[in-house]
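What follows is one structure encoded as structure tokens, with my remarks underneath.
Note that these values count all heavy atoms, side chains included, but never hydrogens, waters or copies made by symmetry.
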Amino acid sequence: MDIRYTTAWRLLFMLAFICAVTGPACAQEPVIPKSVYIAAGIPDSLKEGANAVVRYQMKDITVDGPGDISVKEHSIVTVLNEKANDEARRILGYSKKYNSIGSFEMKIYNAAGVVIKKYHKSDMYERSAVSSGSIITDERILAIIHSIAAYPSTVEITYETNYRSSMNIESWYIQDEEQSIQDSYCHVAVKTGSGFRYLSKNIAISPQTISNGNTANYSWHVANLKAVKLETGAQLWRVMPRIYFAANKFEFYGLEGDFSTWQNFGRWIQGLNADVCTLSPARAAEIKAMTAGLKTDKEKAKFLYEYMQQNMRYVSVQLGIGGMKPFTADFVDQKKYGDCKALSNYMYALLKAVDIPANYAIINAGANAEPAEPGFTRYGFNHAILCVPLKGDTTWLECTSSTQAFGKLSPFTENRRALLITDAGGKLVNTPASKAEDNEFNGEVHVTLNADGGAKASVKIKSTGECRDDYLGLINYKFDEQKEALIRMLNMKQPSVMAYTPLVDKDGVKEVGIELEYDKFCDVIAGSKQFYRPRMVDIWSYTLPALEKRKTDFYFNQPTVKSCKTIIDLPEGFEVDALPANQSLKFTYGNYDVKYIYDAVKNQVTSTAKFTLNNQVIPAAKYTEMQQYLDNIAKAQNKKLVIRRKA
């Protein structure tokens, strides 16, 4: 591509762009030069590390009022390899009553910039937006997929979405992972006095602003952004550039709301839930009688939480007011199901029946998900939970899980900001972060070696928190799947025979038992000597690549502590030739210790190993220390126990 021509085109575009936002006579995009469609014109610097290159993109947002928003999208993206095939796919959501998709067109070009395929809205597949766990919803989707046959190919897409119901103004997600940007523009035209706000994330750019009568115009442009590959353990929302938009007023399914503060938005949620959070007097009396023998509020809350878990099930039903309003507590009580909103609201009603106050809360759920911003109010939530402010012991409840321990969250919702709905409105609060001891693995292993290198072993495991969830999930697997999962989770050798017993699950502690037989447990037999792994299971098996300079923080899902005691009975006529050395490895945010003892009288080797990770988030500056520490753990676990036949 001719650099002078590209620069001239950008200047012409910006002139047209400014003209477009200052007067209706010029309110259209300029003619895009053919060179933008030709793959050979991509600068080499933008191909490096990229699966796709955004040649040109324009996002044009017009906000005429809280219930009148239109968004026009025009993108031209060159797909360099199969990893970016999603660029030739579009799934657009809408609701028949409030939001609609206007025109849609997708064109596919070959490397030379020649059109080889065209699609229109009439070619799109339409269906209900029912997802996994949902049985019914008001939402619909339009979708289209083109199968790319040769690379590079260029995909041009234009469409318009009209919103008559929306809490947020669409955000500008500037760049995806392993995608470079040649030219991308965003324009927002919004009525003055609307309280329009924007928040830049992971990029420092400011808009050009122009006022035209009662309309304020904001225009952004980025160019020549090189592709970014997310580092292992990094979070997309901490790295990729984006700009969030919001206005103080919104209209959602015909209901007006105020997003000027978190408090005001919380009042809107409170009003939405006001008529659904009380059980009938007769049912409330029954609930009160059920808990009459319990002394403390915490005992009552625990009883009612476990009652709900045993009697209700999670089903997503997204109907009415965009799926924002919970079903009534009486509906859930009778039907025995509900989604996260309905079940949290139901638990609220159970507690209300026994005079225990609680607070409904909304949160952005998902391991290490992006938290709400204290200084920028917008809707960024996808889940509801409950907070019970017991005296001196605030308790959080995950109401959608039938197995979660009382008062325990998980990486799904822990350690981030939730919007607590109080009598005074919304209040951002932090959900608790788990400690290492909340996610514990404790193993006890007894191995009996045979003189021929085989072995029998008995494994007992107790686990809590996320470690417990690993074993709870196994109950739904077939035996072969259970076996494969256990071997992978525990990094065990493939056994000849395995028997798995789920055992008990009580008060948040899961116990399992595993019986194993090995025809060959020995790694190497050399003359009179036999070489073994000095344990049945590895308590840690995660290593990381070395990096010259880490740029982003590393995220684990949770802190954890793992320990295992292994007793190995040597075969008759054998003795220890060499024990692995005891080791104590230190890391700023954890430690690993392993010790070996040989009891010659019992002819037993006992090893004890313990791994502790105290922090969930590891600063980038500590990555190299962590990487070396984990490598050293792997080396320590790779040491061999050597036994020999007695002379």
Side-chain angles (χ1 to χ4, degrees), residues 1-10 12-14 16-17 20 26-44 46-47 50-60 70-92 94 100-126 141-161 173-176 178-187 221-225 227:
M1 177 180 286
D2 189 302
I3 298 300
R4 291 169 299 173
Y5 181 75
T6 305
T7 303
W9 175 66
R10 282 180 180 153
L12 287 171
F13 180 82
M14 287 306 295
F17 194 39
C26 302
Q28 60 182 5
E29 292 182 78
V31 175
I32 297 172
K34 184 172 175 57
S35 57
V36 172
Y37 299 89
I38 300 173
I42 301 173
D44 290 341
L46 295 183
K47 294 178 185 177
N51 300 321
V53 181
V54 175
R55 315 297 300 282
Y56 165 80
Q57 188 172 47
M58 176 64 182
K59 188 181 188 83
D60 193 359
S70 66
V71 181
K72 296 178 181 179
E73 299 259 13
H74 184 186
S75 63
I76 303 169
V77 181
T78 298
V79 179
L80 302 178
N81 57 56
E82 67 279 358
K83 292 181 180 179
N85 280 351
D86 280 352
E87 299 289 353
R89 303 170 184 173
R90 275 297 182 277
I91 300 176
L92 306 176
Y94 74 99
S100 62
I101 307 299
S103 59
F104 177 92
E105 184 178 62
M106 180 164 73
K107 297 179 182 178
I108 310 299
Y109 300 80
N110 65 15
V114 177
V115 176
I116 58 174
K117 187 72 175 178
K118 290 183 181 180
Y119 300 92
H120 297 89
K121 185 178 176 181
S122 58
D123 299 312
M124 301 182 83
Y125 171 67
E126 181 178 7
I141 63 168
L142 285 169
I144 195 161
I145 299 174
H146 171 81
S147 297
I148 296 177
Y151 304 95
S153 290
T154 296
V155 181
E156 180 176 28
I157 296 177
T158 57
Y159 64 93
E160 181 176 1
T161 307
Y173 291 92
I174 299 170
Q175 184 179 23
D176 289 334
E178 297 181 64
Q179 177 193 72
S180 60
I181 308 293
Q182 195 163 1
D183 276 294
S184 186
Y185 301 83
C186 182
H187 167 236
H221 172 226
V222 295
N224 298 322
L225 296 184

* Stepwise, does the side-chain contact (heavy atoms from CB on, under 4.5 Å) test hold for T161 with L92? -> CA-CA 9 Å; T161 307; L92 306 176; 5.6 Å; no
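- Pairing each heavy atom of V155 with each of E87, the nearest pair is CG1-O, 3.5 Å.
- By the ring pair (Phe, Tyr, Trp, His ring centres under 6.0 Å) test, Y159 pairs with no residue at all, sequence neighbours left out.
- The closest side-chain heavy-atom distance from E105 to K107 is below 4.5 Å.
- In this structure Y37 satisfies the ring pair (Phe, Tyr, Trp, His ring centres under 6.0 Å) test together with Y109, sequence neighbours excluded.
- Not a single donor-acceptor pair under 3.5 Å links the side chain of R55 to the backbone N or O of I76.
- The OG1 atom of T78 sits 8.0 Å away from atom CD of Q182, with the distance rounded to the nearest 0.5 Å.
- Two residues are said to be in side-chain contact when any heavy atoms from C-beta on lie closer than 4.5 Å; D183 and V36 fail this criterion.
- In this structure, K47 places its NZ atom where more than 12 heavy-atom neighbours from other residues, nucleotides or ligands lie under 6.0 Å away.
- The distance from atom OG of S184 to atom CD of Q175, rounded to the nearest 0.5 Å, is 9.5 Å.
- Contact between S180 and L46 at its shortest, heavy atoms only, is OG-O, 2.7 Å.
- Between the side chain of K117 and the backbone N or O of H146 there is no donor-acceptor pair closer than 3.5 Å.
- Taking both residues in full, the closest heavy atoms of A39 and P152 are given as CB-CG, 3.4 Å, listed atom of the first, atom of the second, then distance.
- In this structure, the separation between CE on M106 and CE on M124 is 8.0 Å, given to the nearest 0.5 Å.
- Side-chain contact between I157 and F104 is present, with heavy atoms from C-beta onward closer than 4.5 Å.
- The two residues H74 and E156 have their closest heavy-atom pair at NE2-OE2, 2.7 Å.
- Between the side chain of R90 and the backbone N or O of L142, no donor-acceptor pair lies under 3.5 Å.
- Every residue meeting the side chain to side chain donor-acceptor pair (under 3.5 Å) condition with N81, not counting sequence neighbours, appears here in chain and number order: N51.
- Under the salt bridge (charged side-chain N to carboxylate O under 4.0 Å, His left out) criterion, D86 pairs with R89, not counting sequence neighbours.
- E178 is linked by a salt bridge (charged side-chain N to carboxylate O under 4.0 Å, His left out) to K229, counting only residues two or more places apart in sequence or in another chain.
- K59 is linked by a salt bridge (charged side-chain N to carboxylate O under 4.0 Å, His left out) to E73, E170, counting only residues two or more places apart in sequence or in another chain.
- Atoms CD and SG, on Q57 and C186 in that order, are 9.0 Å from each other to the nearest 0.5 Å.
- The CE atom of M58 lies 13.5 Å from the OG1 atom of T158; values are rounded to the nearest 0.5 Å.
- The structure places CG of N110 at 5.5 Å from CD1 of I116, a figure rounded to the nearest 0.5 Å.
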